[in-house]
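One structure is given here, and the rest of the page talks about it.
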Amino acid sequence: RAMHGEVRGRVDTVSAARWLSFRFRHTNPSGVEPSVILNWVSRGKLVPVMAPPEYAGAKPKPLRDDRGRNQYELTDVLACYQATRQKKKTAVPA
């Protein structure tokens, strides 16, 4: 499981991309790059897990791992991936 990035709960973009690539290797042989997940984040399709505010009135900050990478719920990443794949399937070729 660790070799293929199969993790549960909260993941960073690298672990999420590895997990998606392994899980969907038969339907998406080209895999998923971490940059694709960062693209979802920049477009507002995926939001990081927020850490509790440090003090009352402080803005919440993204929860980060020991390497400083933002953390995301794996279920949210999976839902975003599936929504993206569904859009590609229903897109009509021009």
Side-chain angles (χ1 to χ4, degrees):
R1 288 181 174 173
M3 287 178 57
H4 296 292
E6 186 175 347
V7 293
R8 294 186 172 103
R10 296 178 179 152
V11 294
D12 59 56
T13 55
V14 175
S15 296
R18 215 178 286 143
W19 187 84
L20 288 171
S21 295
F22 178 73
R23 176 140 188 232
F24 297 102
R25 67 190 177 280
H26 300 295
T27 57
N28 186 10
S30 60
V32 178
E33 294 293 324
S35 61
V36 171
I37 298 170
L38 289 173
N39 190 356
W40 297 339
V41 173
S42 70
R43 292 179 180 202
K45 297 178 181 180
L46 183 65
V47 294
V49 175
M50 301 306 275
E54 296 174 359
Y55 55 89
K59 290 184 180 180
K61 296 180 182 178
L63 185 65
R64 296 177 187 265
D65 63 6
D66 57 345
R67 292 183 176 185
R69 298 180 191 163
N70 289 349
Q71 297 292 291
Y72 304 91
E73 289 292 339
L74 187 56
T75 54
D76 295 342
V77 174
L78 179 58
C80 194
Y81 175 81
Q82 290 173 331
T84 302
R85 294 291 291 177
Q86 188 64 30
K87 279 185 181 179
K88 286 183 180 182
K89 286 182 181 178
T90 58
V92 178

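The distance from the CD1 atom of I37 to the NZ atom of K45 is 13.0 Å, given to the nearest 0.5 Å. To the nearest 0.5 Å, atom CZ of residue R64 and atom CD of residue Q71 are 10.0 Å apart. Within the model, atoms CE of M50 and CG of N70 stand 8.5 Å from one another, a figure rounded to the nearest 0.5 Å. In this structure, R85 CZ and N28 CG are separated by 4.5 Å, a value rounded to the nearest 0.5 Å. One distance of note links OG of S15 with OH of Y72; it measures 12.0 Å at 0.5 Å rounding. Taking CG of D76 as the start and CZ of R10 as the end, the distance is 10.5 Å to the nearest 0.5 Å.
Looking at every heavy atom in both residues, V14 comes nearest to D12 through N-OD1, 2.9 Å. Residues A16 and V11 share a closest heavy-atom pair of CB-CG2, 3.6 Å. In plain terms, the two heavy atoms of A58 and P53 that are nearest each other are O-CB, 3.6 Å. Residue A17 comes nearest to V32 through the heavy atom pair CB-O, 3.3 Å, listed as atom of the first residue, atom of the second, then distance.
No single ILVMFWY cluster, assembled from side-chain heavy atoms under 4.5 Å apart, contains both W40 and V49. Cluster membership for L63 and L46, using ILVMFWY side-chain heavy atoms within less than 4.5 angstrom, is not shared.
Within a 6.0 Å sphere centred on CD of E33, heavy atoms belonging to other residues, nucleotides or ligands number 12 at most.
Although no hydrogens or angles enter the test, the distance criterion places no donor-acceptor pair under 3.5 Å between the side chain of R23 and the main chain of L20.
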* Using the side chain to side chain contact (heavy atoms under 4.5 Å, CB included) rule, take V77 and W19 through it: C-alpha gap first, then chi angles, then the decisive distance, then the call. => CA-CA 10 Å; V77 174; W19 187 84; over 6 Å; no
